[in-house]
S.K.: 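Okay, handing you the structure first.
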Amino acid sequence: MTGFAIQRLLQAIAVMLVMSAIVFLGVYAIGDPMELLIPPEAPQDIRREIVARFGLDRPLWVQYLTFLGNVVQGDFGRSFIYNMPVLDLILGRLPATLELTLAAVLGATLIGVPLGIYAGYRPDRAGARIVMALSILGFSVPTFWVGLILILTFAVSLGWLPAGGRGATVELLGTQWSFLTANGLSHLLLPALNLALFKLAMMIRLARAGTREIMLTDTVQFARAAGLAETTILRHHVLKLIAIPIVTVFGLELGSTLAFAVVTETIFSWPGLGKLIIDSITNLDRPVMVAYLILVALLFVTINLVVDILYAALDPRVRRGRTA
Amino acid sequence: MRFKALSTVAAAALAAVLGAGAVAQTLTVGVRGGPESLDPHYSALGTHADAAKHIFDTLVWSGDDLQIEPGLAESWRPLDDTTWEFKLRQGVKFHDGSDFTAEDVKFSIERIPVVTGPTTLLIYVRRVKEVVIVDPHTVHIKTDGPAATLPNDFVRLFIVSHQAAKDFSTKETAAEGFNSGKAAIGTGPFKLVSWEPKGDLVLERFDAYWRGPAHWQRVVRKEMPNDSARLAALKAGQVDLVNYVSSADWLSLRNDARIETFLANSVYVMNLQLDQREPTPRVYDLAGNPLAKNPLRDPRVREAFDLAIDRQVMVDVVLEGLGRPANQIMPAGFFGSNPRLPERQHDPKRARALLAEAGYPDGFKIDLFCTADRLPGDAAICQGLGQMFAQAGIQANVNAITRTVYFPAQAKGEYSVFMNGWGTLTGEASYTLGSLAHTKDETLKLGAFNRIAYSNPEVDALLQAAIKEIDDTKRRALFEDAMALIMADRALVPIVNLQTVWAAAKGKLKMTPRVDEDTLAYFIRPAG
């Protein structure tokens, strides 16, 4: 087991190294950030001086090795745009994205799974058909459009909720959180709903498909034959059996939403990571782009590493298959 | 409704606390872009300066139409070819109560080269060789040669307190010191309360401001990059004022009784640029093969491009009225714009005839490149150009792309025919003509943005003379002559001068829009 864990860890490190090289090359290929950042009227000597000051006149491999060396020491460099250490910039905005993402993914799961089970359990009822029709809508309507419609309806026409921004925050564990205040919650509601819609539709579909399959299996037949109540069957047998794909998707969605909640954050002026990364791309703020992508890669590699090790712990076949 | 009720109760409670007489006036502005740091010396970006002007003052002030006016300097005059004397305003206080003196001016000028970022402010102090303090309210600036436009450069010279900022003046400490507020001590109309990158900038009135206290007790500038979302926040009453209303929204707002709009000409003129290099990469014959000779070097071909453009249609249809046809590459009325130039003509028939005369009776093919996300309407203008060129017989393959890709490729010389906006940010011609129209010259430090290898010796001579000319009247005449020559050559073809729109809740405020697109709370007055 330890051998398996070490092997996986080494693989993860190799993936991170390759990833960092690809990210560095890719970002380099987009274009020269100095062409965007240096004011157009700057004469040639000033251009050269600035380019040299930021080390961009050196060969690419020297830049990459310097970068790697610094990262090993925990230094991701300074943003061209904000002149702040990149790590401070990213960590400072993480809580806002974290609470938005958790609210959206948890909300989608807690509402979507029961709806999906219902739709799978009684597929012919009108209610089930309405749920399924809504889930198609959730899949097919673009996020930015739904976001604008939500703002128009609830903020502009009805005036119930704010149109954007993050509300009042309170400090907890050294970080500012907005979900603990009424004002913060009112700001959180619309963007979380906007972000949750797609995931809600997906959770409904996953739960429904799983339920329909399980309902036909011997497990359910035997449980019914044993005289168990339908609600007990749903809660104890069906829910447990459909949980595996749902948990997997939950984890992946959490990761990807955390990394790429860009559209919703932009529309709702939510001061999270999405806005930061999209701005750093349009401004070619290389240090931020590189650090961000590498941190996202690290996030996914870590999730996969944990999942792999967990699988191996749970299922001996995975372990044996590797070493055989 | 519950939230509305809650906020009403809160507002009532607040009013009760403050007492009936005192009205706490807050101005909340939704802006498209905010500062990048609170260090005013870090970036030359327009949005950066816009925010910095709330907390800091500049040595020379630029007015609503970019005319230069006294700021922290009351007056200035050239003593000889390489010395300017600036007389400083007396009795000006910093936010911490200390006096503004010549020491702060010297400190600020010398600080810029150390802390400035890639969007560098070096260009505004590059002529300065030495700063000599004569007395606490007089400084002499020695320049590296005759520098006629030094006062124009100093409209971007923000003055920081040499005491508050002295420990925060290296690349590593600057952002931290200013963002935390420790060093963000200016002489400006507002004191800093709080700011975070991409977040809200919260400001409070500075009662001892030398122009007199501001109308607003508190100013909040919220960064809202999405145009529709920003406007929605205004309609929902979350903000009082927004900048950069899009042309489509502007049309619909004219029927909205709750919203008032303010319109200003901007500093931006959209220019078509025609590459003069031989060979040029992206011009083809009708079969798609590269042409042996660069047709863009033929003045008749360039005139054909010019005649093909219907500028009135660009303004009326493409920009929904938010612009003016341009007949030169700077807005009318700027120092060095030529008032005697005629309006440009639209004549596709004559364009075809000129092409035939030049040896292209059936036209040719080009790849046209433009920015698509930099200025309002840039992509639409690009599409319009493509169609207008087609009518004159030039087949344009239109590429409206992100500025992130456009500018680096343009710098590498990958384009032959391209269009982007140019803003004359200082309001005078040396900035624009010196960069765009002078032959690219490393030793003279001119022509840095001349990416089409445009070169006219007569223009070069006029520009070099103008830059050295201290006398305003003579300098203006030299620039006007240069402008006339450049426009006749048509390697740089002006299309439209853009306009900018602000929108506010009706009856809330009065403002005079500025040409440089700044939204300065100090100069915005409450209505009534």
Side-chain angles (χ1 to χ4, degrees), chain A residues 30-47 49-51 53-54 56 78-85 88-89 92-93 144 147-148 151-152 154-166 182-183 186 266-269 271 275-276 278-279 281-284, chain B residues 1-4 6 30 36-37 39 42-45 115-120 122-123 126 171-172 174-176 179 196-200 222-226 228-230 232-233 235-238 373 402-405 407-412 422 425 431-432 434-435 440 442 445-446 448-449:
Chain A
I30 297 177
D32 182 356
M34 292 299 144
E35 280 306 327
L36 280 186
L37 296 175
I38 297 179
E41 67 280 11
Q44 292 84 342
D45 55 334
I46 289 182
R47 271 169 202 276
E49 190 187 325
I50 296 290
V51 169
R53 185 182 291 190
F54 289 89
L56 297 178
R78 272 173 182 274
S79 158
F80 292 158
I81 304 290
Y82 300 105
N83 194 23
M84 283 167 69
D88 290 2
L89 206 56
R93 307 176 70 81
F144 73 90
L148 288 174
I151 292 178
L152 279 178
F154 293 101
V156 178
S157 301
L158 298 172
W160 292 353
L161 293 166
R166 200 177 178 210
N183 177 279
S186 73
T266 311
I267 289 175
F268 289 92
S269 308
K275 271 175 77 185
L276 179 73
I278 215 71
D279 286 346
I281 292 172
T282 53
N283 290 318
L284 289 181
Chain B
M1 282 303 156
R2 168 170 282 169
F3 291 102
K4 216 169 198 179
L6 268 180
E36 303 183 330
S37 151
D39 181 350
Y42 184 66
S43 168
L45 208 69
V115 298
T116 192
T119 309
T120 181
L122 275 179
I123 42 175
R126 67 182 150 141
K171 195 168 172 287
E172 283 72 31
E176 190 234 315
N179 293 357
E196 59 176 303
K198 298 271 130 207
D200 298 353
K222 290 175 173 290
E223 224 179 301
M224 302 178 159
N226 184 283
S228 312
R230 195 166 57 248
K235 287 182 174 171
Q238 262 197 318
D373 54 0
T402 168
R403 72 195 180 97
T404 313
V405 175
F407 282 109
Q410 189 223 48
K412 276 193 250 163
W422 177 278
L425 302 180
Y431 180 95
T432 295
S435 303
K440 201 174 186 118
E442 294 246 356
K445 299 177 187 173
L446 288 168
F449 212 71

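In what follows, every heavy atom counts, from backbone to side chain, and hydrogens, waters and symmetry copies are set aside. So that the names make sense, note that chain A is the first sequence line, chain B the second, and so on, each numbered from 1.
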S.K.: Taking side chain as everything from C-beta outward and backbone as N, CA, C, O, which of these in B:Gln238 sits under 4.5 Å from a heavy atom of chain A? Side chain, backbone, both or neither.
M.R.: side chain
S.K.: Looking only at heavy atoms, which two atoms of A:Gln44 and B:Ala448 are closest? And how far apart?
M.R.: NE2-CA, 4.0 Å
S.K.: B:Gln410 versus chain A, heavy atoms under 4.5 Å apart: side chain, backbone, both or neither?
M.R.: neither
S.K.: Sort A:Phe80 into side chain, backbone, both or neither according to what part of it lies under 4.5 angstrom from a heavy atom of chain B.
M.R.: both
S.K.: Between A:Leu89 and chain B, with a heavy-atom cut-off of 4.5 Å, which part of the residue counts as in contact: side chain, backbone, both or neither?
M.R.: side chain
S.K.: So for A:Ser157, is it side chain, backbone, both, or neither that comes closer than 4.5 Å to the heavy atoms of chain B?
M.R.: neither
S.K.: Is a side-chain donor or acceptor of A:Arg78 paired with a backbone partner of B:Glu172 at a separation under 3.5 angstrom?
M.R.: yes
S.K.: Please identify, among A:Leu276, A:Ile278, A:Thr282, A:Leu284, the residue contributing the most non-hydrogen atom pairs under 4.5 Å to chain B.
M.R.: A:Thr282
S.K.: Using 0.5 Å steps for rounding, measure from the CG atom of A:Asn83 to the NZ atom of B:Lys171.
M.R.: 5.5 Å
S.K.: Please rank B:Ala409, B:Gly30, B:Ala236 by heavy-atom pairs under 4.5 Å with chain A and give me the top one.
M.R.: B:Ala236
S.K.: For A:Phe144, is the CZ atom crowded, meaning more than 12 foreign heavy atoms sit under 6.0 Å from it?
M.R.: no
S.K.: Between chain A and each of B:Thr404, B:Leu45, B:Asn179, count heavy-atom pairs under 4.5 Å; write down the option with the most.
M.R.: B:Thr404
S.K.: Enter the distance from B:Glu36:CD to A:Asn283:CG here, rounded to the nearest 0.5 Å.
M.R.: 7.0 Å
S.K.: Which heavy-atom pair separates A:Thr266 from B:Pro225 by the least distance, and what is that distance?
M.R.: CG2-CG, 4.5 Å
S.K.: Report the distance from atom OG of B:Ser43 to atom CG of A:Leu37, rounding to the nearest 0.5 Å.
M.R.: 8.5 Å
S.K.: Output the option from B:Phe449, B:Phe407, B:Tyr42 having the highest count of non-hydrogen pairs under 4.5 Å with chain A.
M.R.: B:Tyr42
S.K.: Can you tell me if NZ on B:Lys440 sees more than 12 non-hydrogen neighbours from other groups inside 6.0 Å?
M.R.: yes
S.K.: Given that the side chain runs from C-beta out, which part of A:Ile151 has a heavy atom under 4.5 Å from chain B: side chain, backbone, both or neither?
M.R.: side chain
S.K.: When you measure from the side chain of A:Arg93 to the backbone N and O of B:Pro197, does any donor-acceptor pair fall under 3.5 Å?
M.R.: yes
S.K.: Of the backbone (N, CA, C, O) and the side chain (C-beta and beyond), which part of A:Asp279 lies under 4.5 Å from a heavy atom of chain B, both, or neither?
M.R.: side chain
S.K.: Tell me which of these, B:Asp200, B:Thr120, B:Thr432, B:Val115, has more heavy-atom pairs under 4.5 Å with chain A than the rest.
M.R.: B:Thr120
S.K.: Between the main-chain N or O of A:Tyr82 and the side-chain N or O of B:Ser37, is there a donor-acceptor pair closer than 3.5 Å?
M.R.: no
S.K.: Checking B:Ser435 against chain A: side chain, backbone, both or neither under 4.5 Å from a heavy atom?
M.R.: side chain
S.K.: How many angstroms lie between atom CD of B:Glu442 and atom CZ of A:Arg47, to the nearest 0.5 angstrom?
M.R.: 10.5 Å
S.K.: Give the member of B:Lys235, B:Arg126, B:Arg403 that has the highest number of heavy-atom pairs under 4.5 Å with chain A.
M.R.: B:Arg403
S.K.: Distance check, rounded to the nearest 0.5 Å: B:Thr402 atom OG1 versus A:Ile281 atom CD1?
M.R.: 10.0 Å
S.K.: How far does OG1 of B:Thr116 sit from CD1 of A:Ile46, to the nearest 0.5 angstrom?
M.R.: 9.5 Å
S.K.: Checking heavy atoms, do the side chain of A:Leu148, its backbone, both or neither come under 4.5 Å from chain B?
M.R.: side chain
S.K.: Would you say B:Ile123 and A:Pro43 make side-chain contact, with heavy atoms under 4.5 Å?
M.R.: yes
S.K.: Using a cut-off of under 4.5 Å on heavy-atom pairs, state which of A:Asp88, A:Leu152, A:Asp45, A:Val51 scores highest against chain B.
M.R.: A:Asp45
S.K.: In terms of heavy-atom proximity below 4.5 Å to chain A, should B:Lys222 be classed as side chain, backbone, both, or neither?
M.R.: neither
S.K.: With a 4.5 angstrom heavy-atom cut-off, is it the side chain or the backbone of A:Ile50 that approaches chain B, or both, or neither?
M.R.: side chain
S.K.: Name the option with the most non-hydrogen atom pairs under 4.5 Å to chain B; the candidates are A:Pro39, A:Pro271, A:Ala42, A:Pro85.
M.R.: A:Pro39
